[in-house]
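Position 1 is the first residue of the sequence; numbering continues from there.
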Amino acid sequence: MHFLDVTNRDGVQTARTGLSKFGKTMVNWYLGRLGVAQSEIGFPFLRHEVPYVRAQVALEKAGAFGDLRLAGWCRGVAADVEKAVPLGLRHYNLSISTSDYMIENKFRGKLDRDAIIREMTAAVRAARSGGAETVGVNAEDGSRTDDGFLREFALAAKEAGADRVRYCDTIGGDTPGRIRERFATLAAATAMPVETHCHNDLGMAVANSVSGALGDLDAGQDAWINTCVNGIGERSGNADLLSSILAFEHGFGIDAEIGDALDLTWARRFGLWASYAFGQPLPYNQVGVGRNAFAHESGIHADGALKDHGNYELYDEATLGPFPDDRHTRPGRVVLTGEYGGKAGFRHVMDGLGVEPADEERSFELVQLCNAMTGRPLTDDELRLIATYPRELSLLFPGQLD
């Protein structure tokens with residue numbers, strides 16, 4: 001089983017929040033450090049995403065993201081894919097609604113079931129002819145789509161060249177027992193992996209993701225799980241990345257092998273960076289990274305934890321890595337570098353980080369531009385990325401650097 005994170009697509013659509021293109025780049029960098037299999041990096045058919053996508057492809061080639069695979073999300077129409085293909089992405093997820101409810105109330109006569117399959121298969125073929133290595137198709141509102149049409153949709157996609165079908169619990173109404181059975185049935189009928197995409201409207205996104213993946217495994221198929229950092233996403237959010245990983249590593253009665261070489265020592269840095277970058281404070285009880293995730297006060301709990309933390313903790317907090325101690329958060333006298341900084345401050349900060357920029361002048365200019373883009377002090381990890389890959393990051397700012 002594998003994790004496919006959709007923070008840079010579904011997560012950034014969260015209402016009342018936002019993330020810069022440089023911030024989206026950092027999401028990919030952290031996912032690479034964590035060892036996640038794939039990142040759905042955004043919308044390559046949109047004009048304002050083009051410089052960002054080009055930069056991600058260049059960074060991927062330079063090794064900035066490790067083994068992370070970068071995937072573009074397109075609507076399930078050939079025209080979107082044809083716009084995206086020249087940017088060089090090698091993986092795609094193509095999405096179209098499949099439920100009768102959305103056919104009636106969203107498409108309103110523009111598409112029927114036959115048209116949905118025609119549009120989707122044309123998009124898959126466009127991706128394959130454009131050089132895509134893998135293609136997934138998304139059944140939006142899959143949880144309200146009947147078994148027969150889901151099977152027909154998936155088999156048509158497979159024949160056209162798709163590798164996986166994404167079952168989207170778009171309105172978050174599925175339940176663990178039901179979704180496991182539906183995944184097992186669909187995976188067995190199509191002999192292809194069914195990918196989880198679960199929303200948290202009932203607070204069960206992680207439970208449903210785990211159960212859906214187990215249904216895949218029941219049918220002898222590999223499992224792919226969609227996640228977002230800190231569980232962000234539209235409405236009540238998506239399945240939380242860290243919670244989903246920990247469920248498979250520590251959940252009682254779960255016997256599943258994670259196929260990704262995960263390194264959870266980056267989990268705290270990622271979760272806390274994302275909270276800062278998105279401007280969304282973490283709940284105290286956020287799994288793994290919240291302030292109270294390993295805090296004890298009641299007499300019985302404190303006594304037990306002092307004797308052996310395993311009395312009241314399911315896993316060791318040390319596995320999640322250290323808390324960040326970034327320069328910009330330090331009290332008292334501190335010199336920072338950013339939008340209005342000069343060369344002396346830039347050099348002082350880089351020396352303090354123990355970093356020798358690959359191109360000092362270009363890195364200095366990028367610090368100014370990235371700080372102007374984010375509108376907040378740059379973190380230590382952001383500065384390290386800028387110093388290491390200035391040429392590739394320059395693609396974020398076409399026409400603004402010599």
Side-chain angles (χ1 to χ4, degrees), residues 1-4 6 10 37 76 93 95-104 113 116-117 120 136-159 162-228 231 233 235-241 243-259:
M1 56 160 292
H2 305 278
F3 292 93
L4 193 164
V6 298
D10 214 339
N93 271 89
S95 186
I96 196 166
S97 306
T98 56
S99 69
D100 287 341
Y101 191 96
M102 286 197 173
I103 289 172
E104 180 179 350
R113 286 184 168 188
I116 285 168
I117 289 179
M120 177 270 299
V137 295
N138 305 352
E140 187 189 23
D141 210 19
S143 53
R144 288 194 294 184
T145 305
D146 67 80
D147 288 338
F149 187 57
L150 269 180
R151 182 173 61 253
E152 182 183 356
F153 177 84
L155 287 172
K158 183 178 182 180
E159 183 179 355
D163 302 279
R164 298 188 305 275
V165 59
R166 177 181 291 178
Y167 174 109
C168 301
D169 184 21
T170 302
I171 61 170
D174 230 325
T175 53
R178 178 181 186 269
I179 200 170
R180 181 168 184 169
E181 181 179 345
R182 297 199 85 201
F183 268 58
T185 298
L186 185 57
T190 60
M192 64 191 302
V194 184
E195 186 177 308
T196 74
H197 184 87
C198 298
H199 282 263
N200 205 40
D201 298 77
L202 297 179
M204 293 194 287
V206 171
N208 284 335
S209 296
V210 171
S211 294
L214 292 176
D216 265 320
L217 299 177
D218 291 341
Q221 293 295 321
D222 209 354
W224 288 77
I225 298 176
N226 286 186
T227 59
C228 283
R235 304 185 313 280
S236 296
N238 294 65
D240 174 42
L241 171 61
S243 302
S244 299
I245 293 171
L246 292 172
F248 280 97
E249 291 193 343
H250 301 286
F252 302 146
I254 295 177
D255 182 18
E257 180 181 351
I258 299 175

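Side-chain N or O atoms of K158 include one that pairs as donor or acceptor with a backbone N or O of T190 at under 3.5 Å.
Checked against side chain to side chain contact (heavy atoms under 4.5 Å, CB included), D147 has the following partners two or more places apart in sequence or in another chain: R182.
Put simply, CD1 on I96 and CG on D141 are 13.0 Å apart, with the number rounded to the nearest 0.5 Å. With values rounded to the nearest 0.5 angstrom, D169 atom CG is found 6.0 Å from N208 atom CG. The structure places CD1 of I116 at 10.0 Å from CD of E140, a figure rounded to the nearest 0.5 Å. Separation of atoms OG (S209) and CG (N238) is listed at 8.5 Å; rounding is to 0.5 Å. Rounded to the nearest 0.5 Å, atoms OG (S99) and CZ (R144) are 5.5 Å apart. Distance check: E257 CD to D222 CG gives 9.5 Å after rounding to the nearest 0.5 Å.
Contact of the I245 side chain with the T227 side chain is not registered, since no non-hydrogen atoms from C-beta on lie closer than 4.5 Å. The shortest side-chain heavy-atom distance between D100 and R113 falls under the 4.5 Å cut-off. D174 is not listed as a side-chain neighbour of M204, based on a closest heavy-atom distance of 4.5 Å or more.
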- Task: Apply side chain to side chain contact (heavy atoms under 4.5 Å, CB included) to the pair M1 and I225, showing each step before the final yes or no.
- Result: CA-CA 8 Å; M1 56 160 292; I225 298 176; 3.4 Å; yes
- Item | CA sep, side-chain torsions, deciding dist, call: S211, I179, side chain to side chain contact (heavy atoms under 4.5 Å, CB included) | CA-CA 7 Å; S211 294; I179 200 170; 3.8 Å; yes
- Message: Using the rule given for salt bridge (Lys or Arg N to Asp or Glu O under 4.0 Å), can you reason through D216 versus R164, listing the C-alpha separation, both sets of side-chain angles and the distance that settles it, and then say yes or no?
- Response: CA-CA 11 Å; D216 265 320; R164 298 188 305 275; over 6 Å; no
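Residues H2 and A37 approach most closely at CB-CB, 4.0 Å, considering heavy atoms. Between P193 and D163, the closest heavy-atom pair is CD-O, 3.5 Å. The shortest heavy-atom contact between L4 and N93 is CD1-OD1, 4.1 Å. Residues A247 and I254 approach most closely at O-CD1, 3.4 Å, considering heavy atoms. Taking both residues in full, the closest heavy atoms of S143 and T170 are given as OG-N, 4.2 Å, listed atom of the first, atom of the second, then distance. Taking all atoms of both residues into account, the shortest heavy-atom contact from I171 to R235 is CA-NH2, 3.5 Å.
Annotation for E249: atom CD counts as buried by contact number, over 12 foreign heavy atoms lying within 6.0 Å.
For residues 176-198, the ring pair (Phe, Tyr, Trp, His ring centres under 6.0 Å) pairs, not counting sequence neighbours, are Y167-F183, H197-H199.
Partner of V165 under the side-chain contact (heavy atoms from CB on, under 4.5 Å) criterion, chosen from N138, V137, L155: V137.
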